[in-house]
Amino acid sequence: MTTATPVSPQTAGVALPPRRRRREADDDTRRMNWWAFAFVAVCSLTVLVPLYLAVAVALKTPQQLADGTGFELPSPIRWENFADAWQRTSFPQALANTALITAGSVVFTLLTSSLVAWALARNLQRRFFKGVYFYLLAALFVPFPIIMLPLVKQTSLLGLDNQAGMIVLYTIYGLSLNIFIYTAFIRSIPIELEEAARVDGASTWGVFWKIVFPLLGPMNATVGILTCVWAWNDFIMPLVVLTDPGARTLSLAQYVFQGQYNTDYTVAFASYLMAMAPLLIVYIFSQRWVISGVTRGSIK
């Protein structure tokens, strides 16, 4: 009876895996890119420094602001600036108007832009649809001041100088950029998914709402954020369109601090922080869905 002698990898001619090299490669991938970190840190200062200045000024008295550079810590802290801003801007009413316009603009933008982009993306090989696509993209190069005065006249004639008119205008004027964003993403979705749904008896509306629209989660998050920030912070369009003082938004309400000869900076900065707070709260509670949607879109 013979026993098998163990054969070592060296005698069998089998090369051992380069374990040390793999560890070195793993260490290289885990090393921090200090140049990129420094660049991001410097860029973050462009946001953190103005934010600190806004908070510091909002908590100071007018005399403290006049005696310093603005970057000093407030001593004592004057919380009354926020109460003054709340009263002088009629903050609850302005907040309700802004929230109504923003929410309506986001909902109608997501519904209309995604539907139009889907129709264009699936028919770009046709001359008519391609012409419509480039026609809409050309609107990106038209400055708003050029069409501002005709817009005021048209909204006045059509009775759209109110919150409903603002929702319609934000939906229409955001169509060009949103279609450009949606179309590129829709063309990456396999058309076989839609064809399989049609074979199963789905209608055109069923294909869009049950197949295509759920896959547009990452783009819906992107377009929704862009539209929300635009409608919430816009100043020019509400200024030239809204005629009822009771319908003014937060950006228009903050204009009361701009006088002909002076500006109440402390109360104005307090109102800026109050107007910024709702967007920050929305982001804090929705960032999980936004990040997960972007992640699903990257591994689709």
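Remember, predicted model here, so these are calculated numbers, not experimental data.
- I77 and V267 sit in two unconnected hydrophobic clusters of ILVMFWY residues. Membership requires side-chain heavy atoms under 4.5 Å apart, directly or through other members.
- Taking F82 as the reference, nothing meets the ring pair (Phe, Tyr, Trp, His ring centres under 6.0 Å) condition, with sequence neighbours excluded.
- Applying the ring-ring contact (aromatic ring centres under 6.0 Å, His included) definition to pairs two or more places apart or across chains, those involving residues 105-126 are W118-F208.
- Atom OG1 in T112 sits 8.0 Å away from atom CG in N178 (nearest 0.5 Å).
- With contacts defined as side-chain heavy-atom distances shorter than 4.5 Å, the pair L216/I189 qualifies.
- Taken from CG in N220 to CD1 in I181, the straight-line distance is 11.0 Å, to the nearest 0.5 Å.
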Atom pairs and distances, donor-acceptor, side-chain atoms in residues 136-159, under 3.5 Å, two or more places apart:
unit_1, atom_1, unit_2, atom_2, d
T155, OG1, L151, O, 2.9
T155, OG1, V152, O, 3.0

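- No side-chain donor-acceptor contact under 3.5 Å links T227 to the backbone of G224.
- For the salt bridge (charged side-chain N to carboxylate O under 4.0 Å, His left out) condition, no pair includes a residue of residues 36-58, sequence neighbours left out.
- Between W205 atom CH2 and F213 atom CZ the span is 12.0 Å, to the nearest 0.5 Å.
- Contact annotation: the side chain of N233 approaches that of L279 to within less than 4.5 Å [non-hydrogen atoms, C-beta and beyond].
- Between Y265 and P62, the closest side-chain pair of non-hydrogen atoms is not below 4.5 Å.
- L280 and F269 are not part of a single hydrophobic cluster, where members link through side-chain heavy atoms under 4.5 Å apart.
- Sorted by first and then second residue, the salt bridge (charged side-chain N to carboxylate O under 4.0 Å, His left out) pairs with a member in residues 104-130 read R122-E194; sequence neighbours excluded.
- Every residue two or more places apart in sequence or in another chain that forms a side-chain hydrogen bond (donor to acceptor under 3.5 Å, both in side chains) with R78 is listed here: N81.
- Both L115 and L177 belong to a single network of hydrophobic side chains, linked directly or stepwise wherever heavy atoms of I, L, V, M, F, W or Y lie under 4.5 Å apart.
- Annotation: the span from T249 atom OG1 to Q254 atom CD amounts to 8.5 Å, rounded to 0.5 Å.
- Counting all heavy atoms, side chain and backbone alike, V241 lies closest to L160 at CG1-O, 3.8 Å.
- In this structure, Q125 has no side-chain hydrogen bond (donor to acceptor under 3.5 Å, both in side chains) partners at least two apart in sequence or on a different chain.
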Side-chain donor-acceptor pairs under 3.5 Å in residues 35-60, sequence neighbours left out?
unit_1, atom_1, unit_2, atom_2, d
S44, OG, V40, O, 3.4
S44, OG, A41, O, 2.5
T46, OG1, C43, O, 2.4
Y52, OH, F71, O, 2.5
K60, NZ, G70, O, 3.2
K60, NZ, E72, O, 2.9
K60, NZ, E72, OE1, 3.4

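- Note: the hydrophobic cluster containing V223 also contains V116 (ILVMFWY, side chain heavy atoms under 4.5 Å, direct or indirect links).
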message = Checking L226 against T222 for the side chain to side chain contact (heavy atoms under 4.5 Å, CB included) test, could you report, in this order, the C-alpha distance in whole Å, the side-chain angles of both residues, the deciding distance, and whether it holds?
response = CA-CA 6 Å; L226 293 177; T222 301; 4.2 Å; yes

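- Legend: residues meeting side-chain hydrogen bond (donor to acceptor under 3.5 Å, both in side chains) with N162, ordered by chain and number and at least two apart, are absent.
- Residue A121 comes nearest to T183 through the heavy atom pair CB-CG2, 3.8 Å, listed as atom of the first residue, atom of the second, then distance.
- L215 places a side-chain heavy atom less than 4.5 Å from the side chain of L193.
- I179 and I172 end up in different hydrophobic clusters when Ile, Leu, Val, Met, Phe, Trp and Tyr side chains are linked at under 4.5 Å.
- A ring-ring contact (aromatic ring centres under 6.0 Å, His included) check over residues 159-183, counting only residues at least two apart or in different chains, returns the pairs Y170-W230.
- Heavy-atom minimum distance, S113 versus L175: OG-CD1, 3.5 Å.
- Here the closest heavy-atom approach between residue A275 and residue F91 is recorded as N-CE1, 4.2 Å.
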ask   = Given R248 and S90, is the side chain to side chain contact (heavy atoms under 4.5 Å, CB included) satisfied, shown in steps?
value = CA-CA 10 Å; R248 63 181 180 178; S90 299; 4.0 Å; yes

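- Taken from OG1 in T204 to CZ in R198, the straight-line distance is 4.5 Å, to the nearest 0.5 Å.
- Remark: R88 pairs with D264 by the side-chain hydrogen bond (donor to acceptor under 3.5 Å, both in side chains) rule, at least two apart or across chains.
- Considering all non-hydrogen atoms of both residues, P74 and Q64 come closest at CA-OE1, 3.9 Å.
- Of all the heavy atoms in A197 and V207, the pair that sits closest is CB-CG2, 4.1 Å.
- The side chain to side chain contact (heavy atoms under 4.5 Å, CB included) check on Q63 picks up T61, D67, with sequence neighbours excluded.
- Taken to the nearest 0.5 Å, the CG atom of L100 stands 5.0 Å off from the CD1 atom of I167.
- The shortest distance between side-chain heavy atoms of L250 and T89 does not fall below 4.5 Å.
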